[in-house]
Asks: 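One structure is given below, represented as structure tokens, and several questions about it will come after.
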Amino acid sequence: MTPSVSSMVEGPRYIRVHPGDNVAIVVNAGGLPEGTVFPSGLRLHQRVPQGHKVALTDISEGEPVIRYGQIIGYATRPLAAGSWVDVTAVRMPEPPALDDLPLATAVPEPPPPLEGYTFEGYRGSDGRVGTRNLLGIVTSVQCVTGVLEHAVQRIRQELLPKYPNVDDVVALTHAYGCGVAIDAPDAAIPIRTIANLASHPNFGGEILGVGLGCEKLLPDRVTPDAGRNVTSLQDHRGFSAMIDEILRMAEERLARLDQRRRVTCPASGLVVGLQCGGSDAFSGVTANPAVGYAADLLVRAGATVLFSEVTEVRDAVHLLTPRAANEEVGRKLIAEMKWYDAYLRRGGADRSANPSPGNKRGGLVNVVEKSLGSVAKSGTTAIVDVLGPGERATKHGLIFAATPASDFVCGTLQLAAGMNVHVFTTGRGTPYGLAMAPVVKVSTRTALAEQWPDLIDVDAGTIATGERTIEEVGWEIFRFILDVASGKKRTWAERWGIQNDLCLFNPAPLT
Ligand code: CA
């Protein structure tokens, strides 16, 4: 997909993504006033904000509105060429039916291998590679959070300075563990999420577990080698004894973690999670295609690439099932869509709950348009596997990891899948960061990169202005990922210490 940018460099510009599109988005910062004439001769009938759509031809009521070469909806009223196609002008189509989708009918050929790309990582005993050296402390219940936060503060102040090779201490705190229907079928999701977080390669197999003693979620379900690694607060005589024991166990592990050294690892050790948040109409023409190009480079280099966010894939799933490596993978993908349809139905919601008001202000009219832009992140290679929420990735190549689109829930589940670098595209802007793995933020618009020069790591907005190509920005993202994975570069979120809380996905009942 190569967007054609209207040719004038300083004058009014729009981007039509696909030759069959009957709408395009306005590029100019601040939007364009009524009466603006584009180089193509198209004249605006009214003001159109930046990133919002303009009708390129007359569209009659009920006729399809086409973007990315796909129907994003139907005109609710006649739209003359040059009209603003806003959220009220487009009726959302039905989602693709899930029962007769083509499976593995257009499996992309394996792309040519990309040899010789490496990064400096911490190799674990199970072969997985860490990108940071962290002391992880997993919890089996929310009751311990306050005590643990006190302990973590003291670990940072008193212990970490003695172990300079350790980057930080991370408490895996959450609201799960008790007061929950622990045997409900969907409880498997939060439980395996916590367990897989605890065995994340950035913790180097030196996890410490803190429990209470009477919780439903037994610490040994989420902590490897629990007999050696867990302390329960009810076993201690008073608060000070609890803190002393956590500090003692932390120091043992810090001493061992401090011995870890980075070694040269092939790029195949990377597990890169892709996500978007605060999307706008540029997401699908600048940042997401550039990230998609980087995803292809990563797959060619043997890495694992995760894309996610079920509600942003659901309306484009008919474009993905043909790319499944085989029918079984295609069926797994459909099963995750069906599970999520039922989950939304159970909650009395549907897919129109996405996009957000900010997405709409950014020019997106509905989730169909958002989805078509979102799946551009997945690049062009075959989908080799599908993970349920919280499952760990075991294959190399492009994987769909089913998650909600909520930024923090998706990030948490991608961490559980083993993500060691996160790439996050944003149009409206979010300061998002995670404690467990570095987050590379890519802006869809140059205006955002200029507004937030100390939060945005890569500006993909230059693709819209024609200054750089998708390929150029894709290579920049790929190289930046390798440097960040190696610890040679730190992301802005890391430099400021921005760490959003983990957010578990618990679709099972509370009790
Ligand atoms: Ca998201």
Side-chain angles (χ1 to χ4, degrees), residues 3-18 20-68 71-92 278-288 352 355-370 372-373 426-429 443-452 459-467:
S4 59
V5 178
S6 188
S7 58
M8 287 177 68
V9 177
E10 293 300 324
R13 293 189 288 278
Y14 63 69
I15 298 178
R16 182 205 300 237
V17 181
H18 186 276
D21 292 356
N22 58 11
V23 294
I25 61 166
V26 166
V27 171
N28 304 73
L32 290 171
E34 179 186 345
T36 299
V37 180
F38 290 94
S40 64
L42 183 75
R43 181 188 181 86
L44 286 186
H45 282 300
Q46 61 213 118
R47 195 186 94 80
V48 178
Q50 186 193 31
H52 285 241
K53 284 174 287 301
V54 55
L56 297 173
T57 58
D58 293 339
I59 305 172
S60 1
E61 186 177 339
E63 217 186 305
V65 176
I66 299 171
R67 192 169 174 226
Y68 301 102
I71 296 172
I72 62 167
Y74 299 92
T76 57
R77 55 179 186 261
L79 300 165
S83 307
W84 178 18
V85 183
D86 72 350
V87 68
T88 65
V90 185
R91 179 172 56 79
M92 188 157 70
S279 298
D280 64 8
F282 284 107
S283 299
V285 290
T286 61
N288 289 352
S352 66
S356 70
N359 294 152
K360 290 176 181 170
R361 280 195 296 278
L364 294 170
V365 294
N366 61 32
V367 73
V368 182
E369 184 180 19
K370 190 174 176 182
L372 292 166
T426 184
R428 307 291 298 170
S443 74
T444 71
R445 296 176 299 123
T446 298
L448 175 62
E450 287 170 350
Q451 182 192 344
W452 283 7
D459 173 22
T462 48
I463 295 167
T465 54
E467 292 162 68

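Everything numeric in this text was worked out from a predicted model, so none of it was measured.
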Asks: Are the side chains of T76 and T88 in contact, using a 4.5 Å heavy-atom criterion?
Replies: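 The answer is no; the side chains never approach within 4.5 Å.
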Asks: With side chain to side chain contact (heavy atoms under 4.5 Å, CB included) as the test, pick out the partner of V54 among V23, L42, V85.
Replies: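 Answer after filtering V23, L42, V85: L42.
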Asks: Could you state the interatomic distance from CH2 (W84) to CG (L32), rounded to the nearest 0.5 Å?
Replies: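 W84 atom CH2 to L32 atom CG measures 12.5 Å (nearest 0.5 Å).
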Asks: Between R77 and D86, does at least one N-O distance fall below 4.0 Å, as a salt bridge requires?
Replies: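 D86 and R77: salt-bridged.
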Asks: Are any of the side-chain heavy atoms of S83 and Q46 separated by less than 4.5 Å?
Replies: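 Yes, at least one pair of side-chain atoms sits under 4.5 Å.
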Asks: What are the two closest heavy atoms between A89 and L79, and how far apart are they?
Replies: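 For A89 versus L79, the nearest heavy atoms are CB-CD2, 3.9 Å.
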Asks: Got a second to check how far S283's OG is from L372's CG, nearest 0.5 Å?
Replies: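 One gets 12.5 Å once the value is rounded to the nearest 0.5 Å.
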Asks: Mind checking what makes side chain to side chain contact (heavy atoms under 4.5 Å, CB included) contact with E61, not counting sequence neighbours?
Replies: P78
Asks: Using the rule side chain to side chain contact (heavy atoms under 4.5 Å, CB included), only one of V27, V26, D21 pairs with I15; which is it?
Replies: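 Single pass found, and it is V27.
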Asks: Closest heavy-atom contact between R47 and G30?
Replies: NH1-O, 3.0 Å
Asks: Measuring from atom CG of N28 to atom OH of Y14, what distance do you get when rounded to the nearest 0.5 angstrom?
Replies: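 Reported to 0.5 Å precision, the distance equals 12.5 Å.
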Asks: With the side chain counted from C-beta on, respond yes when Q50 and F282 share a heavy-atom pair under 4.5 Å apart, and no when they do not.
Replies: yes
Asks: Applying side chain to side chain contact (heavy atoms under 4.5 Å, CB included), can you list everything that pairs with T57, at least two apart in sequence or on another chain?
Replies: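 Only N22, I59 meet the side chain to side chain contact (heavy atoms under 4.5 Å, CB included) criterion with T57.
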Asks: Checking P33 now: which residues fulfil side chain to side chain contact (heavy atoms under 4.5 Å, CB included) with it, not counting sequence neighbours?
Replies: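 P33 satisfies side chain to side chain contact (heavy atoms under 4.5 Å, CB included) with T36 only.
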Asks: Determine whether a donor-acceptor pair (N or O, by modelled atom type, separation under 3.5 Å) exists between the side chain of N366 and the backbone of I72.
Replies: yes
Asks: What residues, two or more places apart in sequence or in another chain, satisfy salt bridge (charged side-chain N to carboxylate O under 4.0 Å, His left out) together with D58?
Replies: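 Partners of D58 by the salt bridge (charged side-chain N to carboxylate O under 4.0 Å, His left out) criterion come out as none, since no residue qualifies.
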Asks: Shortest non-hydrogen contact from S443 to D459?
Replies: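 Shortest heavy-atom contact: OG-OD1, 3.2 Å.
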Asks: Not counting sequence neighbours, which residues clear side chain to side chain contact (heavy atoms under 4.5 Å, CB included) with S60? List them please.
Replies: E63
Asks: Looking only at atom types and distance, does a side-chain atom of T286 sit under 3.5 Å from a main-chain N or O of T444, one as donor and one as acceptor?
Replies: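 Yes.
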Asks: Are the side chain of R445 and the backbone N or O of G427 linked by a donor-acceptor pair below 3.5 Å?
Replies: yes
Asks: Can you tell me if N288 uses its side chain to pair, donor with acceptor, with the backbone of G373 under 3.5 Å?
Replies: yes
Asks: Mind listing the closest non-hydrogen atom pair of P12 and P39 along with its distance?
Replies: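 Answer, listing the atom of P12 first, then P39: O-CD, 3.7 Å.
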Asks: Between OG of S279 and NZ of K370, what distance do you get to the nearest 0.5 Å?
Replies: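 Separation between the atoms: 5.0 Å.
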Asks: Would you indicate whether the side-chain heavy atoms of I25 and H52 approach each other to under 4.5 Å?
Replies: no
Asks: Within a strict 4.5 Å, meaning less than it, do heavy atoms of the M92 and V367 side chains meet?
Replies: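 Yes. Closest side-chain heavy atoms under 4.5 Å.
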Asks: Is there a donor-acceptor contact under 3.5 Å from the side chain of R67 to the main chain of E369?
Replies: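 Not at all, since once roles are kept as given, no pair shorter than 3.5 Å links the two residues.
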Asks: How would you list, by chain and number, every residue that makes a salt bridge (charged side-chain N to carboxylate O under 4.0 Å, His left out) with R91, sequence neighbours excluded?
Replies: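 Salt bridge (charged side-chain N to carboxylate O under 4.0 Å, His left out) list for R91, sorted by chain: empty.
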